[in-house]
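The structure appears below as structure tokens.
Letters A, B, ... are given to chains in the order of the sequence lines, protein chains preceding strands, and every chain is numbered from 1. The analysis underlying the following values was restricted to heavy atoms, covering all of them including side chains, and did not include hydrogens, waters or symmetry mates.
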2 protein chains.
Amino acid sequence: MRIGETAAAAGMTTKTLRFYEDRGLLPATDRAPNGYRDYPHETVSRLEFIRRGRTAGLTLAQIGEILAVRDIGHAPCIHVKDLLAKQLHDLDARIAELTALRATVAEFHEAAAAGDPAACDPERICSYL
Amino acid sequence: MRIGETAAAAGMTTKTLRFYEDRGLLPATDRAPNGYRDYPHETVSRLEFIRRGRTAGLTLAQIGEILAVRDIGHAPCIHVKDLLAKQLHDLDARIAELTALRATVAEFHEAAAAGDPAACDPERICSYL
DNA sequence: CTTTACCTTCCACTAAACTGGAAGGTAAGG
DNA sequence: CCTTACCTTCCAGTTTAGTGGAAGGTAAAG
């Protein structure tokens, strides 16, 4: 698989893949005789994992740590375990924060929904925008 | 309340408060006769709200939109309602993404925890670090 | 009266995560 | 052979969210 096809499959640009390779999130892959990168199909799921992490708000550095653990595959040494425990803890904190925020925003939304929509002129833009 | 005290109460720096004022997240407040900013106590909770949003991964622009709605207080026009509905939707997507990621990381963690910790030499740093 | 700890503005810099563009190689179609 | 659509490297620019530091004002304590 060439870079363009791989990037498209993951919904990214070729620029982004080269950038991820540079940052160590994507291992330097084989090259075709002409120098073109040749990716195995698994790269797509790896990229999808990265994207999920990004969407969730993790930094590339954090995602890189998780991927490094995944790449070792075996060797469950205490450092690996601690690292993952920390990531889990961070994720839990993040989820709790988001859930609290959602509740706050839901309150605002209900208050807004309770008002009379007819009172708003669709031709006019809200005063604060 | 002067800027230093306000910032400390919210666990931020004075630099950050001035920056938030510049970005419109913090309204320009009263000044003492000597030119010093004088914040009302509510500013602390506003700052805490901003920090929660940031921790949750929202951008300052998104937080600013929510705060703008809060500042209007009344006037539940359709634009406001739509904006909040969109924010809620984004938050839900984010929470779902994070929860899925947490499950993946938990799997890695359990696999690591299942290994024999004695196999790891505490004197040696993991090969991937 | 000077030191200390605040505060003011302004401008430049950083880090993260890309994104754009230049300059050039390659392989297939017309 | 030429155009087109890929690919290569390298370097520079962008956005977001601050941070650092200069140059200077202010108020209280020693």
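Between Ile95(A) and Thr99(B) the shortest side-chain heavy-atom distance falls below 4.5 Å.
The existence of a salt bridge linking Asp92(A) and Arg102(B) is confirmed by a sub-4.0 Å separation between a basic side-chain nitrogen and an acidic carboxylate oxygen.
Taking side-chain N and O atoms only, Arg37(A) has no distance below 4.0 Å to OP1 or OP2 of dC7(D). The side chain of Asn34(A) contributes no N or O atom lying less than 4.0 Å from OP1 or OP2 of dG25(C). For dA17(D), the OP1/OP2 oxygens have no side-chain nitrogen or oxygen of Arg51(B) closer than 4.0 Å.
Five base pairs at each end of the helix from dC1(C)-dG30(D) to dG30(C)-dC1(D) define two local axes, and these are offset by 20° (rounded to 10°).
Counting only residues at least two apart or on different chains, the salt bridge (Lys or Arg N to Asp or Glu O under 4.0 Å) pairs with a member in residues 40-58 of chain A are Arg46(A)-Asp71(A).
Rounded to whole angstrom, the span from the CD atom of Glu65(B) across to the P atom of dT16(D) amounts to 12 Å. Look at CD1 on Ile3(A): it is 14 Å from C1' on dT19(C), rounded to the nearest Å.
Residues of residues 9-31 of chain B that place a heavy atom closer than 4.0 Å to DNA chain D, in numerical order, are Thr13(B), Lys15(B), Thr16(B), Phe19(B), Tyr20(B).
Of the listed nucleotides (dC6(D), dT9(C), dA17(D)), dA17(D) has the atom at the smallest distance from the side chain of Leu60(B).
Residue-to-nucleotide proximity on DNA chain D shows that, of Thr59(B) and Pro33(B), the 5′-proximal contact is made by Thr59(B).
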